[in-house]
Q: 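Quick one: the structure is below, and I'll ask about it shortly.
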Amino acid sequence: MMSSNTRASMSSDAIILFGDFQLDRRRRLLLKDGNPVRIGSRGLDILIALTDRAGEVVSKRDLLESVWNGVVTDEAGLRVHMSTLRRALGDGRNDARYIVNVAGRGYSFVAAIKRSHTSLASSSDSNSADRLGRQFLSHRGLFVGRDEVVLSISRLLASRRFVSIVGAGGIGKTAVAVALVARLRAEFGDENVAFVDFGAVLEPGLVPGSVISAVGCTLGGSDPVAELSSFLADKRMLVVFDSCEHLLDPISLLADRLFRDAPFVHLLTTSREPLHVEGETVHLLGPLAYPAEEAPTAVDALATPAVRLFMDRAAFSGFTEDLTDADAPIVSDICRRTDGIALAIELAASRVGSYGIRGVAGLLAQNAEMALPIRRNVSPRHRTLQAMLDWSYDLLAEDDKANAFAPVRLRRSVHNGGGLLRRGRRRERPGSYRFDSGETGRQVSGLGKTDR
């Protein structure tokens, strides 16, 4: 077994580096290329136990005793957590090898590691501007139709320091936040802008560490929130918390602390509901406007942001024609059917290059839009409407899943007319569903809400 002396000697080496990963034992945080990796508390304990004895074979008994610490479990439970950990590390992909199973003996961490006393954040400071630039370069060209909103929120940020962009899933909150960063980078400087994507963070305990890593704070004590607050107290920074709805409690507490203790920090958050803390100014982000008339001309249709977004994305898909007066009513109807939801418009437009405008309208009539792919360099939850709704569904409590939102687990089905996101499914008999006007919109707008 691992001796107490061995544990003590390892505890001084807070940072363990291997492959593209950085493991901070003290903060209980695993990062890959600067982004948090979700492996769960047991997985983290297993990884720490193995890296503490890298190159040795750690018996299953030792792992069970050190990780579960007296809690009764069996080797099957260990195998499940080990498999999850190896998948998260990408073990075996692209010739990467981290953990091997030594038959009859146990497990061994076989990758080369380095131990460092330097904080994860400070070790990556030199690359922070490059990472930030790469992150927003992929988004900057994808922004259409929100110029006035960006200008308005930038003014609010300047005067009130703490603004939350609130709206339904797929409405375009992240795109607006990215556009705001692009607009304000010159004012703050790359080194003073931090963007935290909480969509990749599912455990409340990882919230402070994610922000610490993003802002470049050096952690030296046992209270990460206090040290983060102290670190930012005299700094002028723009800090963005993106996709907060599933971590409202820890993010609300942290945002409140930073707003009070860091008077020069400008905090921008995106969420499906407000954080409800003192100092927060809420900007409600609505759908993109589309033509009100049934048969607009091409000029009138292109005067609305929804149609401009559609045509912009259609051009990305290989569509090279201009919008004609004959097709303007069809595009307007597509935007109307998608309720002006930016993600839905992008998904529909992504197939225009292959099917044409009229072909896409036909796909929508068959409900095929839910599976249309979008660019792969966005977060998984933004790639399809199905993924967005699945991600939202997984945030709900079990009772809510069963009683409120289970019908919106989208499968192949047929509906007759009406808005995509305003229509939920209601089971009428086994295997049959119909879309119920008004259901989905109400539930999507409240996804991730918790009683606080």
Side-chain angles (χ1 to χ4, degrees), residues 24 27-31 35-44 160-169 171 173-174 177 194-215 217 219 221-232 239-262 265-285 379 381 388 390-405 443-452:
D24 189 329
R27 289 162 52 197
R28 294 184 58 79
L29 180 65
L30 178 67
L31 301 179
N35 299 309
V37 178
R38 182 171 64 92
I39 58 175
S41 59
R42 296 293 190 199
L44 191 62
R160 303 188 183 181
R161 288 201 304 115
F162 181 8
V163 177
S164 290
I165 303 172
V166 175
I171 203 76
K173 300 182 295 295
T174 297
F195 192 101
V196 186
D197 178 11
F198 282 115
V201 180
L202 297 185
E203 295 189 18
L206 294 179
V207 167
S210 299
V211 181
I212 285 170
S213 176
V215 302
C217 173
L219 186 67
S222 59
D223 187 344
V225 174
E227 293 201 37
L228 177 62
S229 181
S230 176
F231 175 79
L232 294 175
V239 180
V240 181
F241 292 171
D242 186 44
S243 301
C244 301
E245 52 270 356
H246 59 301
L247 295 166
L248 287 171
D249 286 337
I251 292 176
S252 296
L253 293 173
L254 181 59
D256 178 63
R257 179 76 176 268
L258 295 183
F259 182 73
R260 288 186 288 106
D261 294 353
V265 167
H266 295 251
L267 184 60
L268 177 68
T269 74
T270 73
S271 179
R272 297 185 188 180
E273 68 167 306
L275 301 186
H276 296 300
V277 296
E278 186 176 356
E280 177 188 35
T281 297
V282 175
H283 179 95
L284 296 176
L285 189 65
S379 63
R381 68 183 183 279
M388 184 269 288
D390 279 349
W391 187 82
S392 306
Y393 176 86
D394 289 338
L395 301 181
L396 299 176
E398 290 303 318
D399 288 346
D400 291 331
K401 289 180 180 179
N403 298 328
F405 202 67
Q443 292 171 342
V444 167
S445 65
L447 292 177
K449 289 188 177 182
T450 58
D451 295 328
R452 292 182 295 115

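Please read all numbers here as calculations on a predicted model, not as lab measurements.
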Q: Evaluate the criterion side chain to side chain contact (heavy atoms under 4.5 Å, CB included) for residue pair Phe241 and Val211; output intermediate values, then yes/no.
A: CA-CA 9 Å; Phe241 292 171; Val211 181; 3.7 Å; yes
Q: Does His246 use its side chain to pair, donor to acceptor, with the backbone of Val201 at less than 3.5 Å?
A: yes
Q: Just by distance, do the side chain of Ser213 and the backbone of Gly209 share a donor-acceptor pair under 3.5 Å?
A: no
Q: Between atom CG of Leu44 and atom CD of Glu203, what is the distance when rounded to the nearest 0.5 Å?
A: 8.5 Å
Q: If you measure from CG on Leu30 to CD1 on Ile39, what distance do you get to the nearest 0.5 Å?
A: 5.0 Å
Q: Quick one: which of Val240, Leu268, Leu284, Val282 gives a side-chain contact (heavy atoms from CB on, under 4.5 Å) with Ile165?
A: Leu268
Q: Evaluate side chain to side chain contact (heavy atoms under 4.5 Å, CB included) for Asp261 paired with Leu232, printing each intermediate quantity in order.
A: CA-CA 8 Å; Asp261 294 353; Leu232 294 175; over 6 Å; no
Q: Write down the atom of Leu275, the atom of Ser164, and the distance for their closest heavy-atom approach.
A: CG-OG, 4.3 Å
Q: Are side-chain heavy atoms of Val196 and Asp242 found at a separation under 4.5 Å?
A: no
Q: What closest approach, in Å, do Pro204 and Leu202 show between heavy atoms, and which atom pair accounts for it?
A: CD-O, 3.8 Å
Q: May I have the step-by-step check of side chain to side chain contact (heavy atoms under 4.5 Å, CB included) for Arg257 and Val225, ending in yes or no?
A: CA-CA 8 Å; Arg257 179 76 176 268; Val225 174; 3.7 Å; yes
Q: Which heavy-atom pair separates Thr270 from Glu245 by the least distance, and what is that distance?
A: O-OE1, 4.3 Å
Q: At what distance, to the nearest 0.5 angstrom, does CG of Leu29 lie from CD1 of Ile212?
A: 8.5 Å
Q: Test your reading of the model: is there a side-chain donor-acceptor pair from Lys173 to the backbone of Ala168, 3.5 Å cut-off?
A: yes
Q: Is it the case that over 12 heavy atoms from other parts of the model lie below 6.0 angstrom from the CZ atom of Arg260?
A: yes
Q: Taking the six-membered ring for Trp, are Phe162 and Phe259 parallel (under 30°), tilted (30 to 60°) or perpendicular (over 60°)?
A: tilted
Q: Out of Pro36, Ser210, Ser271, which one pairs with Phe198 under the side-chain contact (heavy atoms from CB on, under 4.5 Å) rule?
A: Ser210
Q: Considering residues at least two apart in sequence or located in another chain, which fulfil the side-chain contact (heavy atoms from CB on, under 4.5 Å) criterion with Ser230?
A: none
Q: Report yes or no: does Glu280 contribute a side-chain atom to a donor-acceptor pair with the main-chain N or O of Pro274 at less than 3.5 Å?
A: no
Q: With side chain to side chain contact (heavy atoms under 4.5 Å, CB included) as the criterion, how do Glu273 and Leu248 come out once you've worked through the C-alpha distance, each side chain's angles and the decisive distance to 0.1 Å?
A: CA-CA 9 Å; Glu273 68 167 306; Leu248 287 171; 3.0 Å; yes
Q: Using modelled atom types and a 3.5 Å cut-off, is there a donor and acceptor pairing between side-chain atoms of Arg161 and backbone atoms of Leu267?
A: no
Q: Please identify which of these residues, Leu258, Ile251, Asp256, meets the side-chain contact (heavy atoms from CB on, under 4.5 Å) condition with Leu254.
A: Leu258
